[in-house]
Amino acid sequence: MIFLVYLALLIALFWGAKLVKKGSWNDEWMSLSQTKALQGFTAICIMLHHCAQKTCAPWLAPRVIVHGLDGFVRMGYIFVGVFLFCSGYGLYKSYKTKPNYLEGFCKKRILPVVLAFYVTGYLFLIVRYALGLRPSTGRLICYLTGIQLSNPNAWFVVALPIFYLGFYFSFRFCKKESHAIFCTCFVVFVYTLIGTCTNHNEFWMRGEWWYNSVHFFPLGLLFARYEKRVTEKIKCHYVLWMVVAIVSFIGFSRLSIYVQNTISYYGEDYNLNLIPLRRWACLLVQMVTSCSFVFAIFMAGLKIKIGNKFLAFMGTITMEFYLIHGLFIEFFGYSFLDVRPSLYYIRNVTLFVFVVFACSIPSALLLKKAINLGKGKKKSSKKESMVQSERAS
């Protein structure tokens with residue numbers, strides 16, 4: 001039955017896809033519609049990654065392991081990399097093509113992410129209380145402020161505003177574009193450096209998943225700036241580059257697993273001063289692995305034009321879907337956040353996946369409406385204050 005999941009994935013990706021003629025290229029390979037469709041697809045893959053972690057990850061107790069999604073267990077950071085690459089690419093392109101793009105940047109780009117972070121965090125907190133969990137006063141304050149994640153998948157929307165702010169201040173105050181890109185890259189490097197120097201904990205930067213895909217944000221910026229030059233070189237030796245990317249991904253993905261199992265991100269128990277270096281060793285191999293994969297995916301876009309109504313729809317709710325699907329994984333998994341019995345345990349993996357997906361779609365739409373409503377209230381309250389000030393004058 002699990003093959004139904006993989007069949008559904010293939011149908012979702014290739015329904016309506018078109019293979020370009022020999023000797024020609026898909027000139028829309030980095031268009032908004034193509035990147036949104038790809039982001040919509042990878043959002044589903046991230047859901048499957050989290051489902052795999054709840055059903056067949058090797059660190060689970062043997063009694064709850066049900067195989068079927070094993071290939072997705074270690075692939076999450078690669079799929080998130082697609083999001084971050086497209087984010088960096090889209091920011092640069094918008095900056096270059098839209099007049100006065102930086103005006104109102106925080107309101108347009110950062111505010112929706114922050115609203116989504118707190119809405120889903122408070123929703124998880126409400127569910128915790130409904131299931132009988134009673135955090136201490138200190139922990140409750142941490143949940144309410146976001147210092148500790150009530151929604152364990154929300155790290156992405158903590159990191160994204162940091163990178164957006166780095167982009168905004170860099171391009172706002174640097175006189176040269178090259179300096180602005182360098183400063184943005186430096187922000188991501190410092191973020192990664194802090195992550196590798198921070199031990200696993202219950203707060204921010206709590207593990208390697210907080211930083212092992214963030215290099216794609218500056219890579220998206222750099223590719224956007226040099227897109228024409230890079231694309232021409234790829235086209236000249238397309239087959240060679242594709243073979244190199246696929247072989248590199250296969251080889252480095254195996255090396256990455258070996259390095260993580262031997263050197264390990266988890267170095268707190270070794271009592272050594274070289275813990276950050278151990279993490280950097282694991283990180284560098286993962287970086288090469290993910291870059292090979294994403295490079296191959298986007299190169300495939302030069303020859304295959306994807307797109308259908310379903311992917312277009314998913315592309316409009318990627319962030320909301322990403323943030324909300326974890327709630328239903330916890331509802332129907334073997335436990336709720338590993339601390340309480342779940343609402344209803346679905347052991348059949350295929351049914352588990354389809355139920356999580358079916359519940360996540362309408363919930364993501366409702367979350368999107370709630371975020372838009374929050375933005376609308378901000379606008380209306382601002383207008384009301386302007387009217388009151390005019391009346392007062």
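Just so we're clear, the structure is a prediction, and the values are computed from it rather than from any experiment.
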Colleague: Return yes if some donor-acceptor pair links the side-chain N/O of R340 with the main-chain N/O of L133 below 3.5 Å, else return no.
Modeller: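 Answer holds: no.
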Colleague: By the ring pair (Phe, Tyr, Trp, His ring centres under 6.0 Å) test, which pairs, at least two apart or in different chains, include something from residues 26-61?
Modeller: W29-F223, H50-H325
Colleague: Just wondering, do F124 and L327 contact through their side chains at under 4.5 Å, heavy atoms?
Modeller: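 They are in contact (side-chain heavy atoms under 4.5 Å apart), so the answer is yes.
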Colleague: Is the shortest heavy-atom distance from the side chain of L9 to the side chain of L48 under 4.5 Å?
Modeller: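 Sidechains of L48 and L9: in contact.
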Colleague: ring-ring contact (aromatic ring centres under 6.0 Å, His included) with Y95: which residues, sequence neighbours excluded?
Modeller: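 For Y95, the residues satisfying ring-ring contact (aromatic ring centres under 6.0 Å, His included) (neighbours in sequence not counted) are F171.
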Colleague: Counting heavy atoms not belonging to K305, are there more than 12 under 6.0 Å from its NZ?
Modeller: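 Incorrect, the count does not exceed 12.
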Colleague: If hydrophobic clusters are built by linking Ile, Leu, Val, Met, Phe, Trp and Tyr wherever their side-chain heavy atoms come under 4.5 Å apart, do F331 and Y129 end up in the same one?
Modeller: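 Same hydrophobic cluster.
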Colleague: State, with a plain yes or no, whether a side-chain heavy atom of H215 is found less than 4.5 Å away from one of S290.
Modeller: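 A side-chain contact under 4.5 Å exists here.
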Colleague: Salt bridge between K54 and D338, side-chain N to carboxylate O under 4.0 Å?
Modeller: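 Salt bridge between K54 and D338, a charged N being under 4.0 Å from a carboxylate O: yes.
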Colleague: So, the side chain of T289 versus the backbone of V285: is there a donor-acceptor pair under 3.5 Å, distance only?
Modeller: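 Flag set: sc T289 to bb V285 pair under 3.5 Å.
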Colleague: Output side-chain donor-acceptor pairs under 3.5 Å for residues 236-243, partner residues at least two apart or in another chain, one line each.
Modeller:
{"residue": "Y238", "atom": "OH", "partner": "M299", "partner atom": "O", "Å": "2.8"}

Colleague: Any side-chain to backbone donor/acceptor pair from S170 onto F167? Under 3.5 Å, distance only.
Modeller: no
Colleague: When hydrophobic residues are tied together by side-chain contacts of less than 4.5 Å, even through go-betweens, does F79 share a cluster with V73?
Modeller: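 No; V73 is not reachable from F79 via cluster members.
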Colleague: Around atom CH2 of W204, are there more than 12 heavy atoms of other residues, nucleotides or ligands at under 6.0 Å?
Modeller: no
Colleague: Check whether any side-chain N or O of N261 sits under 3.5 Å from a backbone N or O of V259 as a donor-acceptor pair, and report yes or no.
Modeller: no
Colleague: Any chance CZ of R134 has more than 12 other-residue heavy atoms, nucleotides or ligands included, within less than 6.0 Å?
Modeller: yes
Colleague: Kindly assign one of parallel, tilted or perpendicular to the pair W209 and H200, based on the angle between their ring planes and the thresholds 30° and 60°.
Modeller: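 The rings of W209 and H200 sit tilted, inter-plane angle from 30° to 60°.
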Colleague: With a 3.5 Å distance limit and no angle check, can you tell me whether Y101 reaches the backbone of L91 through a side-chain donor-acceptor pair?
Modeller: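 Such a contact is absent between Y101 side chain and L91 backbone.
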Colleague: Could you walk me through whether I234 and F295 pass side-chain contact (heavy atoms from CB on, under 4.5 Å), step by step?
Modeller: CA-CA 10 Å; I234 291 174; F295 184 44; 3.6 Å; yes
Colleague: Determine yes or no for a side-chain-to-main-chain donor-acceptor pair under 3.5 angstrom, with K303 supplying the side chain and S24 the backbone.
Modeller: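 Between the backbone of S24 and the side chain of K303 there is a qualifying donor-acceptor contact (under 3.5 Å).
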Colleague: Might you point out which heavy atoms bring I306 and A37 nearest each other, and give the distance in Å?
Modeller: CD1-CB, 4.1 Å
Colleague: Can you tell me how far CD1 of I257 sits from SG of C282, rounded to the nearest 0.5 angstrom?
Modeller: 12.0 Å
Colleague: List the steps, then state whether side-chain contact (heavy atoms from CB on, under 4.5 Å) holds for K309 with F313.
Modeller: CA-CA 6 Å; K309 290 184 178 180; F313 164 72; over 6 Å; no
Colleague: Between Y191 (side chain) and W210 (backbone), is there a donor-acceptor pair under 3.5 Å?
Modeller: yes
Colleague: Once salt bridge (Lys or Arg N to Asp or Glu O under 4.0 Å) is applied, what residue pairs with a partner in residues 11-25 remain, sequence neighbours excluded?
Modeller: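 Counting only pairs at least two positions apart or across chains, no salt bridge (Lys or Arg N to Asp or Glu O under 4.0 Å) contact touches residues 11-25.
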Colleague: Do I371 and I126 share a hydrophobic cluster (ILVMFWY, side-chain heavy atoms under 4.5 Å, transitive)?
Modeller: no
Colleague: Can you hop from M319 to L32 via hydrophobic side chains spaced under 4.5 Å?
Modeller: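 Each belongs to a different hydrophobic cluster.
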Colleague: So if you build clusters from Ile, Leu, Val, Met, Phe, Trp, Tyr with side-chain heavy-atom gaps below 4.5 Å, do L222 and V230 land together?
Modeller: yes
Colleague: Tell me whether the rings of F169 and F173 are parallel (<30°), tilted (30 to 60°) or perpendicular (>60°).
Modeller: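 If you compare the ring of F169 with that of F173, the planes turn out parallel.
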Colleague: More than 12 heavy atoms of other residues, nucleotides or ligands under 6.0 Å from OH of Y6: is that the case?
Modeller: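 Count over threshold, so yes.
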Colleague: Can you list everything that forms a side-chain hydrogen bond (donor to acceptor under 3.5 Å, both in side chains) with K36? Sequence neighbours excluded, please.
Modeller: none
Colleague: Kindly say whether G307 contributes a backbone atom to a donor-acceptor pair with the side chain of Q34 at under 3.5 angstrom?
Modeller: no
Colleague: So, the side chain of T196 versus the backbone of P276: is there a donor-acceptor pair under 3.5 Å, distance only?
Modeller: no
Colleague: Partners of L60 by side chain to side chain contact (heavy atoms under 4.5 Å, CB included), sequence neighbours excluded?
Modeller: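 Result, side chain to side chain contact (heavy atoms under 4.5 Å, CB included) vs L60: A57, V64, I65, Y334.
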Colleague: In terms of heavy-atom contacts, does CZ of F252 have more than 12 from other residues, nucleotides or ligands at under 6.0 Å?
Modeller: no
Colleague: List, by chain and number, the other hydrophobic cluster members for W15, where Ile, Leu, Val, Met, Phe, Trp and Tyr join if side-chain heavy atoms come within less than 4.5 Å, directly or indirectly.
Modeller: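 Members other than W15 - counting any ILVMFWY side chain reachable under 4.5 Å - are L7, I11.
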Colleague: Let me have the donor-acceptor pairs involving side chains of residues 346-368, under 3.5 Å, with sequence neighbours excluded, atom names and distances please.
Modeller:
{"residue": "R347", "atom": "NH1", "partner": "R63", "partner atom": "O", "Å": "3.2"}
{"residue": "R347", "atom": "NH1", "partner": "Y345", "partner atom": "OH", "Å": "3.3"}
{"residue": "N348", "atom": "OD1", "partner": "T350", "partner atom": "N", "Å": "3.1"}
{"residue": "N348", "atom": "OD1", "partner": "L351", "partner atom": "N", "Å": "2.9"}
{"residue": "T350", "atom": "OG1", "partner": "M1", "partner atom": "O", "Å": "3.2"}
{"residue": "T350", "atom": "OG1", "partner": "I2", "partner atom": "N", "Å": "3.1"}
{"residue": "S360", "atom": "OG", "partner": "V356", "partner atom": "O", "Å": "2.6"}
{"residue": "S363", "atom": "OG", "partner": "C359", "partner atom": "O", "Å": "2.8"}
{"residue": "K368", "atom": "NZ", "partner": "T316", "partner atom": "O", "Å": "2.9"}

Colleague: Consider only side-chain N and O atoms of N199 and R279, and report whether a donor and an acceptor are under 3.5 Å apart.
Modeller: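 Distance-only check passes for N199 and R279.
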Colleague: Looking only at side chains, do E227 and Y89 share a donor and an acceptor under 3.5 Å apart?
Modeller: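 Short answer, yes.
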Colleague: Could I get the full list of ring-ring contact (aromatic ring centres under 6.0 Å, His included) partners for F310, not counting sequence neighbours?
Modeller: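 Not a single residue meets the ring-ring contact (aromatic ring centres under 6.0 Å, His included) criterion with F310.
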Colleague: For a side-chain contact (heavy atoms from CB on, under 4.5 Å) check, start with the C-alpha distance between W280 and L193, then their side-chain angles and the critical distance, and finish with the verdict.
Modeller: CA-CA 9 Å; W280 272 103; L193 186 62; 4.0 Å; yes
Colleague: Mind checking what makes side chain to side chain contact (heavy atoms under 4.5 Å, CB included) contact with T137, not counting sequence neighbours?
Modeller: I141
Colleague: So, using ring-ring contact (aromatic ring centres under 6.0 Å, His included) as the criterion, who are the partners of Y118 when residues are at least two apart?
Modeller: Y122
Colleague: Go through Q260 and S256 one step at a time and tell me if the side chain to side chain donor-acceptor pair (under 3.5 Å) criterion holds.
Modeller: CA-CA 6 Å; Q260 289 179 70; S256 175; 2.9 Å; yes
Colleague: Output a table of donor-acceptor pairs, distance under 3.5 Å, between side-chain atoms of residues 148-166 and any protein atom two or more places apart or on a different chain; print 'none' if there are none.
Modeller:
{"residue": "S150", "atom": "OG", "partner": "G121", "partner atom": "O", "Å": "3.2"}
{"residue": "S150", "atom": "OG", "partner": "L125", "partner atom": "N", "Å": "3.2"}
{"residue": "S150", "atom": "OG", "partner": "R128", "partner atom": "NE", "Å": "3.3"}
{"residue": "N151", "atom": "OD1", "partner": "N153", "partner atom": "N", "Å": "3.1"}
{"residue": "N151", "atom": "ND2", "partner": "L323", "partner atom": "O", "Å": "3.0"}
{"residue": "W155", "atom": "NE1", "partner": "Y322", "partner atom": "OH", "Å": "3.3"}
{"residue": "Y164", "atom": "OH", "partner": "R109", "partner atom": "NH2", "Å": "3.3"}

Colleague: Apply side-chain contact (heavy atoms from CB on, under 4.5 Å) to V288 and L255, showing your working.
Modeller: CA-CA 10 Å; V288 178; L255 179 62; over 6 Å; no
